[in-house]
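Reviewing the structure listed below.
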Amino acid sequence: ATGYADSFPQDFEKCIFPADDVQALSTAMLRFINDAEILLQTRVKMRKFYVQNFSLEAFRKKLLSIIDEVRYYEKAAKRG
């Protein structure tokens, strides 16, 4: 969850487990799957995250921003 902690439900730490603990992984997965509230909250937040970062509109905005930046530097270079 590093870098995206705000995308997960408040009690998401219940789903965190040691890397080498298979039983803890299983327990966390079952808790995540069986807890409808955690699942719903995560689904809503992940959808919002997707739309903000990976939708066609987000791509368009990023691309236009890059184009504007390139144009700015081209004009600055011509002025010398």
Side-chain angles (χ1 to χ4, degrees):
T2 303
Y4 303 104
D6 61 338
S7 298
F8 294 95
Q10 290 178 338
D11 56 353
F12 185 75
E13 55 274 352
K14 292 178 185 174
C15 296
I16 297 175
F17 54 90
D20 59 348
D21 189 340
V22 176
Q23 184 60 42
L25 169 61
S26 174
T27 301
M29 289 174 70
L30 288 171
R31 185 178 296 124
F32 184 78
I33 292 168
N34 293 324
D35 189 326
E37 186 61 28
I38 289 176
L39 198 56
L40 177 62
Q41 289 176 20
T42 304
R43 185 179 346 160
V44 169
K45 290 180 179 185
M46 285 296 127
R47 175 70 181 168
K48 182 178 176 183
F49 178 81
Y50 166 79
V51 169
Q52 288 174 342
N53 295 284
F54 301 109
S55 67
L56 185 57
E57 180 62 18
F59 174 78
R60 186 186 73 77
K61 286 180 181 179
K62 288 176 188 174
L63 182 59
L64 289 175
S65 174
I66 292 168
I67 291 170
D68 287 344
E69 188 174 343
V70 168
R71 287 179 178 164
Y72 170 81
Y73 285 112
E74 284 179 342
K75 288 179 183 178
K78 286 180 183 178
R79 287 184 290 221

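Everything numeric in this text was worked out from a predicted model, so none of it was measured.
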(request) Look only at the side chain of Ser65 and the backbone of Lys61, and say whether a donor-acceptor pair between them is shorter than 3.5 Å. (result)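 Side chain of Ser65 to backbone of Lys61: no pair is present.
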(request) Mark yes or no for whether Asp35, through its side chain, and Arg31, through its backbone, hold a donor-acceptor pair below 3.5 Å. (result) no
(request) Tell me, yes or no, whether the heavy-atom count around Lys48 atom NZ, taken from other residues, nucleotides or ligands under 6.0 Å, exceeds 12. (result)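 Atom NZ in Lys48 is not packed in, count stays at 12 or less.
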(message) With clusters defined by side-chain heavy atoms of hydrophobic residues (ILVMFWY) lying less than 4.5 Å apart, directly or transitively, does Leu64 cluster with Tyr72?
(response)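 No, it is not one cluster - the side chains of Tyr72 and Leu64 are not joined through contacts under 4.5 Å.
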(request) Establish whether Leu30 and Phe32 are linked, either directly or via other cluster members, by ILVMFWY side-chain heavy-atom contacts under 4.5 Å. (result) no
Rounded to the nearest 0.5 Å, what separates atom [atom1] in [X] from atom [atom2] in [Y]?
| X | Y | atom1 | atom2 | value |
| --- | --- | --- | --- | --- |
| Lys78 | Glu74 | NZ | CD | 6.0 Å |
| Tyr50 | Arg47 | OH | CZ | 6.5 Å |
| Met29 | Thr27 | CE | OG1 | 11.0 Å |

(request) Among Ile, Leu, Val, Met, Phe, Trp and Tyr joined by side-chain contacts under 4.5 Å, find the other residues sharing a cluster with Ile33 and list them by chain and number. (result)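 Its cluster partners, ordered by chain and number, are none at all.
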(request) Would you please name every residue forming a side chain to side chain donor-acceptor pair (under 3.5 Å) with Glu57, sequence neighbours left out? (result)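 Listed in chain order: Arg60.
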